[in-house]
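Some notes on the structure that comes next.
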Amino acid sequence: MNDSTPLLGTVDMGDVSRTFSVTDAASNLIINAKLTHGGIAKSGAGKLTLAAAGDYTLGTTVTGGTLEAYDNALGTGVVSMRGGNLNLR
C-alpha cells in the first residue's frame, strides 16, 4: 500500500496564498511540481513535502505537522512558523 500522494507539473496559485491541509498524521502529500505565483500555508498533522524548486513569492506559513522542503522549494518570501516542524533537505 502506498501512503504518499504525488503532485506533478506546475501549480499556478493565482497570486494568492493557498493552504495545503494534510490532516492525517500518517499521510504525506508530495509535491514534485513547481509552485508559482502565490504563497503556501501548511496545516494539519500530516507531512507536506516540497520536492521541486519553486518561484512563489508570497512566503510560507506552517501551522501544524511537518513541512519538508528540498533545495529552492520554498520560493522567496518570509517563512513563518506558527506550529509544526520545518525540515530542510
Nearest 0.5 angstrom please: [X] [atom1] to [Y] [atom2], how far?
X	Y	atom1	atom2	result
T60	L74	OG1	CG	5.0 Å
L29	K42	CG	NZ	9.0 Å
M13	T57	CE	OG1	8.5 Å
E68	N28	CD	CG	7.5 Å
T19	I40	OG1	CD1	9.5 Å
L35	L58	CG	CG	12.0 Å

Could you tell me whether the side chains of [X] and [Y] share a donor-acceptor contact shorter than 3.5 Å?
X	Y	value
T66	N87	no
H37	D15	no
D55	T36	yes

*Do Y70 and V22 sit in the same hydrophobic cluster, where Ile, Leu, Val, Met, Phe, Trp and Tyr count as joined when their side-chain heavy atoms come under 4.5 Å apart?*
no
_For A52 versus K34, what's the shortest heavy-atom pair and its separation?_
CB-N, 4.3 Å
*For L50 and A73, which heavy atoms make the closest approach, and how far apart are they?*
O-CB, 3.5 Å
*Can I31 and L48 be said to form a side-chain contact (heavy atoms from CB on, under 4.5 Å), step by step?*
CA-CA 8 Å; I31 300 180; L48 172 63; 3.7 Å; yes
*Residues, nucleotides or ligands: over 12 heavy atoms within 6.0 Å of R82 CZ*: no
*asked:* Apply side-chain contact (heavy atoms from CB on, under 4.5 Å) to residues M81 and L86 and explain how you reach the verdict.
replied: CA-CA 8 Å; M81 298 298 298; L86 176 61; 3.9 Å; yes
